[in-house]
Amino acid sequence: MKRYIIGVDIGGTNTKVALLDFGGHILHKKDFLTKSYGSDRLLDGVAKESSVILKDKSIKKTELLGLGIGLPGLVDFKRGLVFSLTNIPRWKDVKLKSILERKLRIPVFVDNDVKVMALAEMKYGAGKGYKDAVCLTLGTGVGGAVIINGSLYRGASLVAGEIGHVPLNENGPACNCGSFGCLEAYVGREYFLNNVRKKLERSPDSLAMKMAEGNLFSVTPELLQKAALKGDSIAKAAWREMGTHIGNALAGTVNLLNPEIIIIGGGIAGAGKILFDSIRSAVDKKSMKIQAKAVRIVKAKLGNDAGVIGAAEIVKRNL
């Protein structure tokens, strides 16, 4: 009997491979640095770690429904084709489904990482019970997905939902997508850290710098979250600035789509109240009153597991 699914979440920084049961429960999980295999051998890494998990748990391939995989880029989920991955170089028009099916000899299904996260949150997490939602992830980049009447909205080319590439400024900084002034170019992990480090360099006596032991490259989002909670003014200002950028981008989405709920996940969302209060404030200021009043803005519930849970969900939905 086929009872198990492998879910894979490829991120710009980390890749997760998990074995799940049909109910969406994670039975075993392995993580590795995405760059550890390099762009050209990343799929070899996915195949290898999947095989290791099956061996560790004494699971035969005949017991698998298939493998689902979410990626941070433009994906044609019907053909299993990855058009491009914004933060992973040299990936263009990759026939990922057919490549992995040859390597593993099991059914493989491919989708955008935020779309699979959205499916997981709508079924098991913060979006349970809602029909109209916008999902956002904050990490290496900024991803988005739109749910309308309980179903993913994919658009004419199947790549709708790229909220991270909504322009905030006609003449803003260059973005990895090739455009300028995108939301991601203001709040993506590296932009955010570079911006904060410049300010901390001028404030060597700040609490955040003391926590980093004077090393700018030890300043991480996690450290800045702790520094903000302890009252560091630079860290607090950085999170408020980020929240304002995100809220400004979401305001247009709220006016356009009138969603019931906005679900925000990803590692950067761990900043919590100070970030979410700033997002809410910007949405209230920039959105039309009726739409702003209707929408809830909440943190994703499934955390770092949303990607692999959602990846398993696309296997079930496709089969």
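As the structure is a computational prediction, the values presented were derived from the model and not from experiment.
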- [ ] Begin from the C-alpha positions of V134 and I263 and carry the test side chain to side chain contact (heavy atoms under 4.5 Å, CB included) through to its verdict.
- [x] CA-CA 6 Å; V134 172; I263 303 167; over 6 Å; no
Task: From S218 atom OG to L223 atom CG, the distance as rounded to the nearest 0.5 Å - done: 8.0 Å
TODO: Would you name the heavy atoms of G70 and A311 that are closest together and state the gap between them?
DONE: N-CB, 4.3 Å
Task: Pairing of D76 and K95 as salt bridge, 4.0 angstrom limit - done: no
Open item on the list: Between E63 (side chain only) and R3 (backbone N and O only), is there a donor and an acceptor less than 3.5 Å apart?
Closed with: no
TODO: Using the salt bridge (Lys or Arg N to Asp or Glu O under 4.0 Å) rule, take K199 and E241 through it: C-alpha gap first, then chi angles, then the decisive distance, then the call.
DONE: CA-CA 13 Å; K199 294 174 182 176; E241 182 180 6; 3.3 Å; yes
Open item on the list: One thing to verify: whether R105 and E101 come together as a salt bridge, which I'm taking to mean a side-chain N less than 4.0 angstrom from a carboxylate O.
Closed with: no
Open item on the list: Any salt bridge linking E201 with R197? Criterion: basic side-chain nitrogen under 4.0 Å from a carboxylate oxygen.
Closed with: no
Open item on the list: Quick test of your reading: applying side chain to side chain donor-acceptor pair (under 3.5 Å), list the pairs with at least one residue in residues 291-312, sequence neighbours left out, ordered by first then second residue.
Closed with: K29-D305, Y130-R296
Open item on the list: Using side-chain heavy atoms (C-beta onward) and a distance below 4.5 Å, is I106 in contact with L100?
Closed with: no
Open item on the list: If only side-chain N and O atoms count, and only distance matters, is there a donor-acceptor pair under 3.5 Å linking T34 with T15?
Closed with: yes
Task: Straight-line distance of K123 NZ to L302 CG, nearest 0.5 Å - done: 12.0 Å
Open item on the list: Counting C-beta onward and ignoring hydrogens, is there a side-chain heavy-atom pair between L33 and N14 closer than 4.5 Å?
Closed with: yes
- [ ] Grab the two heavy atoms, one from A126 and one from I261, that are nearest each other, plus how far apart they are.
- [x] O-CD1, 3.6 Å
TODO: Of all the heavy-atom pairs spanning G164 and C182, show the shortest one and how long it is.
DONE: O-CB, 3.5 Å
- [ ] Could you walk me through whether L119 and L152 pass side chain to side chain contact (heavy atoms under 4.5 Å, CB included), step by step?
- [x] CA-CA 8 Å; L119 291 176; L152 280 168; 3.9 Å; yes
Open item on the list: Are I234 and L200 packed together at the side-chain level, in the sense that at least one heavy-atom pair is separated by less than 4.5 angstrom?
Closed with: yes
Open item on the list: Does K92 have more than 12 heavy atoms from other residues, nucleotides or ligands lying within 6.0 Å of its NZ?
Closed with: no
Task: Electrostatic pair K273-D277, nearest N-O below 4.0 angstrom - done: yes
Open item on the list: Nearest 0.5 angstrom please: T244 OG1 to K286 NZ, how far?
Closed with: 8.5 Å
Task: Spatial distance of atom NZ (K30) from atom NZ (K48) [nearest 0.5 Å] - done: 9.0 Å
Open item on the list: If I take atom NZ from residue K198 and atom CG from residue L216, how far apart are they, to the nearest 0.5 angstrom?
Closed with: 12.0 Å
Open item on the list: How close do D113 and I10 get, counting heavy atoms only, and between which atoms?
Closed with: OD2-O, 4.5 Å
Open item on the list: Between I246 and L138, is there a side-chain heavy-atom distance shorter than 4.5 Å?
Closed with: yes
Open item on the list: Just so I know, are the side chains of M211 and L207 near enough to count as touching, which here means a heavy-atom distance under 4.5 Å?
Closed with: yes
Task: More than 12 heavy atoms of other groups within 6.0 Å of K316 NZ - done: yes
TODO: Report the C-alpha distance between V254 and N258 in whole Å, list the side-chain angles of each, state the deciding distance to 0.1 Å, and finish with yes or no for side chain to side chain contact (heavy atoms under 4.5 Å, CB included).
DONE: CA-CA 5 Å; V254 167; N258 189 203; 5.8 Å; no
Task: D284/R280 salt bridge by N-O under 4.0 Å criterion - done: yes
Task: Full working for side chain to side chain contact (heavy atoms under 4.5 Å, CB included) between F32 and K16 - done: CA-CA 7 Å; F32 62 88; K16 305 174 188 70; over 6 Å; no
Open item on the list: For a 4.5 angstrom cut-off between non-hydrogen side-chain atoms, does I148 reach K131?
Closed with: no
- [ ] Hey, could you give me each pair passing ring-ring contact (aromatic ring centres under 6.0 Å, His included) that has a residue in residues 172-204? Not counting sequence neighbours.
- [x] Y186-Y191, Y186-H245, F192-W239
TODO: Could you note down all residue pairs passing side chain to side chain donor-acceptor pair (under 3.5 Å) where residues 49-58 supplies at least one of them, sequence neighbours left out?
DONE: Y37-E49
Task: Cation-pi check, K97 onto F109 ring (under 6.0 Å, within 45° of axis) - done: yes
Task: Other residues, nucleotides, ligands: >12 heavy atoms within 6.0 Å of F83 CZ - done: yes
Open item on the list: Quick one, P221 and L193 - any side-chain contact, counting heavy atoms below 4.5 Å?
Closed with: yes
TODO: State yes or no: do I279 and L168 share one hydrophobic cluster built from I, L, V, M, F, W and Y residues joined by side-chain heavy-atom distances below 4.5 Å, directly or via other members?
DONE: yes
- [ ] Identify whether the distance between the nearest side-chain nitrogen and carboxylate oxygen of D232 and K226 falls below 4.0 Å.
- [x] no
Task: Linked, directly or transitively: I163 and V283 (ILVMFWY side chains, under 4.5 Å) - done: yes
Task: Partner of D111 under side-chain hydrogen bond (donor to acceptor under 3.5 Å, both in side chains), chosen from K78, R154, R317 - done: R154
- [ ] State, with a plain yes or no, whether a side-chain heavy atom of I264 is found less than 4.5 Å away from one of F276.
- [x] yes
Open item on the list: Among I309, I6, L27, exactly one meets side-chain contact (heavy atoms from CB on, under 4.5 Å) together with L20. Which residue is that?
Closed with: I309
Task: Hphob cluster co-occupancy, V308 + I69, side-chain heavy atoms under 4.5 angstrom - done: no
Open item on the list: According to a hydrophobic-cluster definition based on side-chain heavy atoms being under 4.5 Å apart (Ile, Leu, Val, Met, Phe, Trp, Tyr only), do V108 and I53 belong together?
Closed with: yes
Task: Interatomic distance, I268 atom CD1 to T137 atom OG1 [nearest 0.5 angstrom] - done: 10.5 Å
Open item on the list: Using every non-hydrogen atom in the two residues, find where V295 and I262 come nearest and quote the distance to one decimal.
Closed with: CG2-CG1, 3.7 Å
- [ ] Examine L158 and V82 and state if one hydrophobic cluster contains both, with Ile, Leu, Val, Met, Phe, Trp and Tyr joined whenever side-chain heavy atoms are less than 4.5 Å apart.
- [x] no
Task: Contact summary for L65 and L319, nearest pair of heavy atoms - done: O-CD1, 3.3 Å
